[in-house]
Number of protein chains: 2
Amino acid sequence: MSPDRNRRPIPDATVSRLPVYLRILGEQRDLGVDSISSDRLAELGGVNAPKVRKDLSYLGSYGTRGVGYEVEYLIFQIQRELGLTHDWPVVIVGAGNLGQALAGYGGFGERGFPVAAIVDVDASKVGSVLGGTRVRPVDELPQIVRSKRINIGVVATPASAAQDAADRLVAAGVTSILNFAPIVLTVPAGIEVRKVDLAVELQILSYYEQRRTGGAAPTARARSASAS
Amino acid sequence: MSPDRNRRPIPDATVSRLPVYLRILGEQRDLGVDSISSDRLAELGGVNAPKVRKDLSYLGSYGTRGVGYEVEYLIFQIQRELGLTHDWPVVIVGAGNLGQALAGYGGFGERGFPVAAIVDVDASKVGSVLGGTRVRPVDELPQIVRSKRINIGVVATPASAAQDAADRLVAAGVTSILNFAPIVLTVPAGIEVRKVDLAVELQILSYYEQRRTGGAAPTARARSASAS
DNA sequence: CGAGCTTTGTGAACGCGTGCACGAGTGCCT
DNA sequence: AGGCACTCGTGCACGCGTTCACAAAGCTCG
Ligand SMILES: NC(=O)c1ccc[n+]([C@@H]2O[C@H](COP(=O)([O-])OP(=O)(O)OC[C@H]3O[C@@H](n4cnc5c(N)ncnc54)[C@H](O)[C@@H]3O)[C@@H](O)[C@H]2O)c1
Ligand SMILES: NC(=O)c1ccc[n+]([C@@H]2O[C@H](COP(=O)([O-])OP(=O)(O)OC[C@H]3O[C@@H](n4cnc5c(N)ncnc54)[C@H](O)[C@@H]3O)[C@@H](O)[C@H]2O)c1
């Protein structure tokens, strides 16, 4: 283990932007572009040029002054830094509405995150095939995770079952979780959790709308928060 | 109605946490809790107590020292600040895999964001009913947005059509967009855009996985080891 | 071969958000 | 009534991230 090489602390803010650069670079490569400036990359990425340069500088000095960055090489470097030089199989917990949409979506496999397995607690869901993968019982999670060497789990269960799903994933050996349920998961230290909460996103938009219009109502009706 | 009260600039970071507090408060209320401390709220929300207090202080001084916050009243205040005292109808553009899952999901309506309309460019999709809403042609967007007073649009089309979808939404009068397509949308100033990119989330998880394991491959494939 | 243009890489200043500590206000109990 | 325990509200310092400006480096062309 070389503590110097892998211990480079890339700021979180930069890590969250690298995937965006990566996707743009891939598109540009497919368009035949083999060199790109920080200016252009910034324009396509919706950020400013100095930020792009600083972000990329954390990877090393892979640009050429007066020219720009070699697209193909930069793609490789970002992939290497993000750990995308190999596939990361994922397991989806919950074969409901959302789980089915995710399983049927090919975009994950294309980006290196093949859906290696789907599990559900509902016996009537087990056995059906979604996106080429058969739904299996949730009890088989430990064997599935071990045999397929899965590190990343996706929680797509109702909120009431999400903590249970997360506990099972952790117990099975998963170390990263992407959570779609609208609750805060409690996990042991060392387990990485990211959440995607669509209602939160809409509520943030609502704030700015309300701010802009000064509170003018599009629909005249009161609401109250509810939970199960 | 407060005249100049609406011009208080709440930090973005706080705005993104308020929906989390709101959901927790709703759950606690349903559990019969009528008063809550910043400590408890912090615990449930996965943050620390001073942050909760500072966040809530932007709304005003609605707590009682020595006691805590009155749940019901705090819910009302957060809803007011976020503009959730009335419904915000949304329109979904793209009735595909994801659009159908979103339409069939009741969670939006419950939280004040009813799916008022779904549009698609594909004639074969038009006319079908998803989650109680009939899919309509994308050309009718202007009339739909105007007649139903819609401010928020959801882009659920393939990436190649996302910019077109956004342009149509903006032209129709929508001022906030939630984008699920993995591209950076270009919109006029004053239009608020938030994106939800699942692949990006997975790639961020991948980074931390790779960092933790030092690059060891879970899948025995493409093990082009990193030399020193 | 050197002048001039282009673009990267980065040190430094700035600003925002976070964490901390503590004063101030409130309720309860004796 | 007074003391005590509790919790909010907030001023302040710190750290991270963003932004700027500029020197260093490379390319082109006369
Ligand atoms: N559908 C959407 O568009 C959408 C949008 C935003 C958020 N969400 C969130 O995603 C989650 C799933 O939504 P959905 O619409 O797919 O719900 P769903 O009810 O359609 O599906 C949930 C599935 O999880 C399974 N399940 C329940 N408990 C389980 C457990 N302990 N272990 C394993 N599986 C279990 C159920 O059998 C069911 O198949 C919810 O938390 C929801 O809030 C969904
Ligand atoms: N399905 C998922 O689970 C998932 C997950 C992550 C991201 N996404 C993203 O969400 C988007 C939609 O994914 P999907 O799986 O639903 O795709 P899809 O192909 O199933 O559906 C896209 C729909 O958009 C319609 N459409 C195309 N161009 C349009 C236009 N100009 N105006 C209006 N409608 C138009 C199509 O007719 C189709 O019905 C994609 O950008 C995808 O990357 C999907």
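Lettering of chains follows the sequences in order, A, B, ..., and the numbering in each one begins at 1.
Sorted by first and then second residue, the pairs that involve residues 42-51 of chain A and meet side-chain hydrogen bond (donor to acceptor under 3.5 Å, both in side chains), not counting sequence neighbours, are Arg40(A)-Glu43(A).
Looking at heavy atoms from C-beta onward, Val47(B) lies out of side-chain contact with Val20(B) at the 4.5 angstrom threshold. With contacts defined as side-chain heavy-atom distances shorter than 4.5 Å, the pair Leu198(B)/Tyr105(A) does not qualify. At least one side-chain heavy atom of Ile78(A) sits under 4.5 Å from a side-chain heavy atom of Leu56(A).
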Which pairs of donor and acceptor atoms, one on a side chain in residues 173-192 of chain A, lie under 3.5 Å apart (sequence neighbours left out)?
| unit_1 | atom_1 | unit_2 | atom_2 | d |
| --- | --- | --- | --- | --- |
| Thr175(A) | OG1 | Glu209(B) | OE1 | 3.1 |
| Thr175(A) | OG1 | Glu209(B) | OE2 | 2.4 |
| Ser176(A) | OG | Glu209(B) | OE2 | 2.6 |
| Asn179(A) | OD1 | Ala181(A) | N | 2.9 |
| Asn179(A) | ND2 | Ala181(A) | O | 3.1 |
| Asn179(A) | ND2 | Ile183(A) | O | 3.2 |

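If you check every strand for non-hydrogen atoms under 4.0 Å, Pro50(A) touches a base. Within the nucleic acid shown, Arg17(A) comes within 4.0 Å of sugar-phosphate atoms alone, with no base atom in reach, counting heavy atoms only.
Regarding Tyr58(B), its OH atom lies at a distance of 9 Å from the C1' atom of dC16(C), rounded to whole Å. The CG-C1' distance, from Leu41(A) to dT7(C), rounds to 13 Å in whole Å. In this entry the distance linking CZ of Arg53(A) with P of dT7(C) reads 10 Å, nearest Å. The distance between atom CG of Asp55(B) and atom C1' of dC20(C), rounded to the nearest whole Å, is 15 Å. What separates CD of Glu43(B) from P of dT7(D) is a distance of 13 Å, to the nearest Å. As a whole-Å value, the separation of Arg65(B) CZ from dC28(C) P is 17 Å. Protein atom CG of Leu18(B) is 13 Å distant from nucleotide atom P of dG17(C), rounded to whole Å. What separates CG of Asp39(A) from P of dT8(C) is a distance of 7 Å, to the nearest Å.
Each of Gly66(A) and Pro11(A) was assigned the nucleotide of DNA chain D with the nearest heavy atom; the assignment lying further toward the 5' end belongs to Pro11(A). Taking for each of Ala13(B) and Ser61(A) the nucleotide of DNA chain C with the nearest heavy atom, the 5'-most of the two is the partner of Ser61(A).
Of all heavy-atom pairs spanning Lys148(A) and Pro89(A), the tightest one is O-CG, 3.8 Å. Contact detail for Ala199(B) and Phe108(A): the closest heavy-atom pair is N-CE2, 4.3 Å. For the pair Val93(A) and Thr157(A), the tightest heavy-atom approach, listed with the atom from each and the gap, is O-CG2, 3.4 Å.
Residue Tyr69(A) has its side chain nearest to dT8(C) when only dT8(C), dG17(C), dC8(D) are considered. Side chain of Val67(B), nearest nucleotide from dA24(D), dG27(C), dC22(D): dG27(C). Of the candidate nucleotides dG27(C), dG19(C), dT8(C), dG19(C) has the atom lying nearest to any side-chain atom of Asn48(B). The side chain of Lys54(B) sits closest to dT18(C) out of dT18(C), dG9(C), dG25(C). The side chain of Asp12(A) lies closest to dG17(D) when the candidates are dG17(D), dT7(D), dT10(C). For Lys51(B), taking side-chain heavy atoms from C-beta onward, the closest of the listed nucleotides dT18(C), dC8(D), dG17(D) is dT18(C).
With axes fitted over five pairs at each extremity, the angle between the ends of the helix from dC1(C)-dG30(D) to dT30(C)-dA1(D) is 0° (10° resolution).
Within the 4.0 Å cut-off from OP1 or OP2 of dG26(D), not a single side-chain nitrogen or oxygen of Thr64(A) is found.
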